[in-house]
Amino acid sequence: MENTGNLPSLDNDSFDWRRFIKQTVLRTLCWVFAIVVFGTISDQGYYSPTSKTNGTCMFNNNECACSYAVGVGVLAFVACVVFPILDVIISKISSATAKERIVKGDLAFSAAMTFLWFICFCVLLNQWTRTNSEYVMADAARAAVAFSFFSIITWVCLTYNSQKIFLKNYIYIYIYIYIYIYIYIYIYIYIYTYIYTYIYSFFVF
């Protein structure tokens with residue numbers, strides 16, 4: 001049996017329920033915030049002064065702003081469904097390398113989503129400050145901007161937790177690698193110095 005450290009396990013003795021609940025609560029919040037953002041824009045984010053069809057984006061008529069926010073929201077929605085499942089079934093994976101890849105993937109994806117939500121918030125806020133139309137539903141626009149900002153906070157928390165899990169479970173691998181390299185270099189230098197000194201003394205004396 002490979003050492004799994006403190007990664008989630010289905011055994012009652014090793015399953016970290018506190019960490020799992022914390023992660024699940026944060027992902028639930030991310031899930032809800034994502035629904036608010038892309039749901040609000042998809043339902044009320046497009047308007048037309050003359051008819052309800054062929055509407056334009058309420059954020060300064062910028063189609064890219066609405067499309068980007070909806071895309072990020074849908075991506076976050078799907079991720080918040082997939083990663084909790086991975087948290088549970090990760091203990092059934094026997095390969096330590098596969099587990100490490102999942103943890104790294106969770107960390108990298110959380111960091112990427114934090115950056116994407118930050119861009120989303122900046123774009124929506126910038127376009128909303130330039131919007132001046134009586135046909136726009138202001139409450140829907142403000143909700144999209146506000147919950148995109150809340151998403152930054154929740155994904156930052158997820159990134160921090162994922163980083164703690166990674167460092168707690170896998171940092172020793174890199175420490176061993178560095179120690180091994182250091183010892184190898186030290187032994188190589190010692191042997192090289194010894195051989196060089198021996199050869200030098202042999203020819204000199």
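Keep in mind that what you see is a predicted model, and the values were worked out from it rather than measured.
Side-chain contact between Cys120 and Leu124 is present, with at least one heavy-atom pair separated by less than 4.5 Å. Taking 4.5 Å as the limit, some side-chain heavy atom of Tyr68 sits within range of a side-chain heavy atom of Ile119. Side chains of Met58 and Thr131 form no contact here, defined as non-hydrogen atoms less than 4.5 Å apart.
Between atom CG of residue Leu75 and atom CZ of residue Phe38 there is a gap of 11.0 Å, rounded to the nearest 0.5 Å.
Linking ILVMFWY side-chain heavy atoms closer than 4.5 Å, directly or via other members, places Phe59 and Met137 in two distinct hydrophobic clusters. Val156 is not connected to Tyr160 by any chain of hydrophobic side-chain contacts under 4.5 Å among Ile, Leu, Val, Met, Phe, Trp and Tyr, and they are in different clusters.
Listed here is the closest heavy atom pair of Thr28 and Thr24: OG1-O, 2.7 Å. Closest heavy-atom contact between Ala143 and Val36: O-CG1, 4.5 Å. The nearest pair of heavy atoms linking Ala65 to Val123 is CB-CG1, 3.8 Å. The two residues Ala140 and Thr40 come nearest to each other via the heavy atoms O-CG2, 3.3 Å. Here the closest non-hydrogen pair linking Val37 and Ala144 is CG2-O, 3.9 Å.
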Check residues 109-117 and write down every donor-acceptor pair under 3.5 Å in which the side-chain atom is one partner and the other belongs to a residue at least two apart or another chain.
unit_1, atom_1, unit_2, atom_2, d
Ser110, OG, Asp106, O, 2.8
Ser110, OG, Asp106, OD1, 3.3
Thr114, OG1, Ser110, O, 2.9
Thr114, OG1, Trp155, O, 3.3
Thr114, OG1, Thr159, OG1, 3.4

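For Phe121, the side chain to side chain contact (heavy atoms under 4.5 Å, CB included) criterion is met by Leu125, Val145, Ser148, Phe149, Ile152, not counting sequence neighbours. Taking the side chain to side chain donor-acceptor pair (under 3.5 Å) definition, one finds that Gln44 meets it with nothing, sequence neighbours left out. Here Asp139 pairs with Arg142 under the salt bridge (Lys or Arg N to Asp or Glu O under 4.0 Å) rule; sequence neighbours left out. The side chain to side chain donor-acceptor pair (under 3.5 Å) check on Asn60 picks up Gln127, with sequence neighbours excluded. Applying the side chain to side chain contact (heavy atoms under 4.5 Å, CB included) rule to Ser67 yields the partners Tyr46; only residues at least two apart in sequence or on another chain are considered.
Between Cys30 and Cys80, the gamma sulfurs sit at a distance of 2.5 angstrom or greater.
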Please assess Phe150 against Leu29 for the test side chain to side chain contact (heavy atoms under 4.5 Å, CB included), listing each intermediate value before the final yes or no. CA-CA 9 Å; Phe150 297 153; Leu29 291 175; over 6 Å; no
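For Trp31, the CH2 atom is loosely surrounded, since the number of other residues' heavy atoms within 6.0 Å does not exceed 12.
Under the 3.5 Å distance criterion, the side-chain polar atoms of Glu63 are matched with a main-chain donor or acceptor of Cys57.
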